[in-house]
Amino acid sequence: MPGVSLPKFYIATSIPYVNAPPHIGHALEFVQADVIARYRRLKGDNVFLATGTDENSLKNALSAEKLGMKTEDLCQRNSALFRDLVDSINMSYDTFVRTSLKGDHWKMTQILWDACNASGDIYKKKYSGLYCVGCELFYAEGELDGGLCPEHRTKPERVEEENYFFRLSKYQDRLIAAIEKDEIRIIPSSRKAEVVNFMRSGLEDFSVSRSVNRAHGWGIPVPGDPSQILYVWFDALGYYLTAAGIASDRKAFNEMWPIDMHVIGKGIVRFHAIYWPAMLMSGGFEVPRSILVHGYITVEGEKMSKSIGNVVDPMDVIRKYGTDPVRYYLMKEISTFQDGDFSDRTLKDVINNELVGNLGNFVNRTLTFISSKLGGKVEKQKLGDEDMELVGQITGLVGEVERMLEAEQLNVALLKILEISNLGNRYFQNSAPWKLIKEDEAKAKKVLFICANICRILGILTYPYMPSSAERLLGYIHETPSSFEEAKKLSNEFKVEKPEILFSRAE
RNA sequence: AGCGGGGUAGGGUAGCCUGGAGUGCCCGCCGGGCUCAUAACCCGGAGAACGGUGGUUCAAAUCCAUCUCCCGCUACCA
């Protein structure tokens with residue numbers, strides 16, 4: 001293998017259904033993936049970040065019919081909402097896949113299907129399911145409310161139809177082995193245990209198609225059998241192959257695959273950790289290297305739901321408080337792996353206390369001081385033992401931040417970053433450079449030299465979380481977020497511009 | 001029912017995997033200080049026997065067992 005190219009890192013979010021507008025939970029997943037992507041870039045990886053929308057569900061066809069519009073147009077419109085969100089949240093995606101567009105994605109299904117078929121893992125069988133005529137949908141037992149359709153309050157019929165099935169059962173042992181040995185690393189490990197546990201009780205084959213009639217002709221036809229439409233698995237899960245270029249640039253695809261990390265919600269673990277790797281094994285593709293599973297967001301302590309009417313539109317929040325504060329809140333206040341809460345009140349508190357009062361204030365007082373009292377320049381000063389101790393503490397924290405990021409503990413890493421800013425404020429306060437400047441200029445310069453370095457470190461470390469703010473901060477000291485390693489070193493001199501306020505108070 | 005996750009000061013959290021003084025963070029409360037800074041910042045204080053019980057250990061929030069409360073998942077639900 002040629003050793004000159006950068007290590008690649010392919011990471012992707014799941015693709016949301018477009019039959020409902022984005023909510024704050026979608027934003028969480030986008031930001032998580034983006035933070036990891038940006039961190040990996042700082043570490044020097046060649047990162048590819050994929051996202052998109054899942055548009056081939058029957059529900060789209062049904063609501064389009066109701067609205068009297070073409071399904072294509074409805075999808076286009078709703079997909080745009082998600083695209084607006086990923087742009088507004090400043091996600092650095094490299095590709096955005098729309099599964100209803102008859103291009104690479106449709107070609108992908110042919111490739112994947114053929115490969116699995118060639119392994120003898122696709123066969124026809126009668127599918128029997130609970131079907132609500134009103135909804136025109138099959139329901140899982142768990143989705144029913146007291147045995148009734150949650151929407152129509154009617155008893156669904158048992159309906160049979162001949163569909164294609166995928167031979168999941170054949171892969172049970174291989175899957176268990178792959179996950180137990182962390183060939184597919186499931187993060188956090190509690191989810192891994194869940195998955196293994198589930199598999200041990202036996203895996204059943206699953207259906208991978210629906211009749212064209214039932215699908216209302218919407219979706220991707222089964223390769224070689226236009227009377228059937230692909231069900232979600234070969235379609236939506238396959239998007240990861242599409243994004244990597246399987247149908248457009250096979251050479252690039254071969255370099256990109258396997259995917260290094262899936263970022264998904266807890267509700268779809270099974271499909272990503274079991275169905276999907278099995279399909280890949282069957283098709284002769286390498287399995288995903290890791291799957292990061294996040295929790296769900298409640299709103300003011302309550303489950304988000306349309307009927308309660310408490311669904312939070314992330315675009316509203318972004319418009320109100322700004323992109324970076326929202327990113328910060330999602331990463332810091334919501335545990336990376338567990339459920340978390342969204343609260344307007346907490347969001348304001350966090351902005352005012354942590355971003356404005358702690359981080360923003362430290363940067364502002366340091367840079368303002370340098371630009372107004374020291375002519376915008378500081379160079380290296382002789383450091384004493386106490387200073388070296390502080391520097392050592394900071395370096396130690398940088399190491400912890402790195403460790404936490406490597407362990408995908410995005411919230412804990414952010415906590416550590418704030419500690420650095422905290423130390424900075426304390427040091428500034430206790431050193432009182434505003435007094436020193438009148439008595440001992442060299443000493444004042446030394447304090448500011450250290451503080452400027454802390455600002456620089458903070459700029460690099462916060463970059464994955466709050467890219468525009470970090471770039472602005474680093475811009476005031478004529479730097480850019482180039483590499484994570486830079487956060488482990490001190491810079492020897494600074495040219496400082498008079499800073500603008502980094503974060504504004506939230507009212 | 002089975003499996004999994006949670007129960008840490010008034011509220012919210014981190015720590016638990018890889019035991020070692022209740023250690024930390026945000027809010028709130030009380031008392032001081034500072035004035036470089038976005039009424040921001042700093043210091044001190046009150047406040048928790050880390051859900052209950054039992055065990056392992058020199059040592060447990062951290063490991064084991066059991067009980068209890070909350071929340072998820074249990075197959076074609078993204």
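The sequence lines fix the lettering, A, B, ..., with proteins before strands; numbering per chain opens at 1.
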### Among A:W276, A:W113, A:F271, ring pair (Phe, Tyr, Trp, His ring centres under 6.0 Å) partner for A:W233
A:F271
Using a cut-off of under 3.5 Å, enumerate the N/O to N/O pairs linking the protein to nucleotides 42-48 of chain B.
{"unit_1": "B:C42", "atom_1": "OP1", "unit_2": "A:N422", "atom_2": "OD1", "d": "3.4"}
{"unit_1": "B:C42", "atom_1": "O2'", "unit_2": "A:N430", "atom_2": "OD1", "d": "3.3"}
{"unit_1": "B:C43", "atom_1": "OP1", "unit_2": "A:R426", "atom_2": "NE", "d": "3.0"}

Categorize [X] for me: base, sugar-phosphate, or nothing, with a 4.0 angstrom heavy-atom threshold over every strand shown.
X	result
A:I264	nothing
A:G357	sugar-phosphate
A:N361	base
A:F428	base
A:S207	base
A:E354	sugar-phosphate
A:A432	nothing
A:V232	base
A:F369	sugar-phosphate

### Query
Does the separation of the ring centres of A:F369 and A:W434 fall below 6.0 angstrom?
no
#### Entry: Contact under 4.0 Å: A:N353 side-chain N or O vs B:C26 OP1/OP2
no
Using the [atom1] atom as the reference point in each nucleotide, state the distance between [N] and [M] in Å, no decimals.
N	M	atom1	answer
B:G72	B:U62	P	26 Å
B:C69	B:G52	P	15 Å
B:U68	B:G15	P	28 Å
B:A46	B:C3	C1'	44 Å
B:A65	B:A21	C1'	27 Å
B:C16	B:G5	P	15 Å
B:A14	B:C58	P	32 Å
B:A1	B:G54	C1'	26 Å

Residues, nucleotides or ligands: over 12 heavy atoms within 6.0 Å of [X] [atom1]:
X	atom1	value
A:K348	NZ	yes
A:E389	CD	no
A:K377	NZ	no
A:E439	CD	yes

Watson-Crick or G-U counterpart of [N], or none if no pair lies under 3.5 Å:
N	result
B:A65	B:U53
B:U23	B:A14
B:G31	B:C43
B:A9	none
B:C76	none
B:U38	none

[X] has an atom [atom1]; how far is it from atom [atom2] of [N], in whole Å?
X	N	atom1	atom2	value
A:Y427	B:C36	OH	P	18 Å
A:Q172	B:A75	CD	C1'	13 Å
A:F271	B:C73	CZ	P	11 Å
A:E406	B:C17	CD	C1'	18 Å
A:L347	B:C26	CG	C1'	13 Å
A:Q393	B:G24	CD	C1'	13 Å
A:W434	B:C41	CH2	C1'	8 Å
A:L367	B:C41	CG	C1'	16 Å

### Most 5' of A:Y296 and A:P433 on RNA chain B, judged by nearest nucleotide
A:P433
### Query
Under the side-chain contact (heavy atoms from CB on, under 4.5 Å) test, which residues partner A:M404, sequence neighbours left out?
A:Q409, A:V412, A:A413
Write out a two-atom table: protein N or O, nucleotide N or O from nucleotides 6-14 of chain B, distance below 3.5 Å.
none

### Task
Test A:R456 against every option in A:L473, A:I477, A:L461 by the side-chain contact (heavy atoms from CB on, under 4.5 Å) rule and name the one that passes.
A:I477
Answer yes or no: is there a donor N or O on one side and an acceptor on the other, between the side chain of [X] and the main chain of [Y], under 3.5 Å?
X	Y	answer
A:E379	A:F494	no
A:N352	A:R505	no
A:Y329	A:I334	no

### Query
Which residues within residues 498-507 of chain A lie with some heavy atom under 4.0 Å of an atom in RNA chain B?
A:I501, A:L502, A:F503, A:R505
Are the side chains of [X] and [Y] in touch, meaning some heavy atoms are under 4.5 Å apart?
X	Y	answer
A:D54	A:V232	yes
A:M91	A:V31	no
A:Y17	A:E55	no
A:E402	A:V398	no

### Query
Among B:G24, B:C34, B:A75, which is the nearest nucleotide to the side chain of A:Y275?
B:A75
### Task
With A:K445 as the cation and A:F449 as the aromatic partner, state whether NZ or CZ is under 6.0 Å from the six-membered ring centre and within 45° of the axis.
no
Give me the distances for all protein-to-nucleotides 2-4 of chain B N/O pairs that come in under 3.5 Å?
{"unit_1": "B:C3", "atom_1": "O2'", "unit_2": "A:N197", "atom_2": "ND2", "d": "3.4"}
{"unit_1": "B:G4", "atom_1": "O2'", "unit_2": "A:E194", "atom_2": "OE2", "d": "3.0"}

With a 3.5 Å cut-off and sequence neighbours excluded, list the donor-acceptor pairs that the side chains of residues 19-29 of chain A form with protein atoms.
{"unit_1": "A:H26", "atom_1": "ND1", "unit_2": "A:H23", "atom_2": "N", "d": "3.0"}
{"unit_1": "A:E29", "atom_1": "OE1", "unit_2": "A:H294", "atom_2": "NE2", "d": "3.4"}
{"unit_1": "A:E29", "atom_1": "OE2", "unit_2": "A:S14", "atom_2": "N", "d": "2.7"}
{"unit_1": "A:E29", "atom_1": "OE2", "unit_2": "A:S14", "atom_2": "OG", "d": "2.7"}

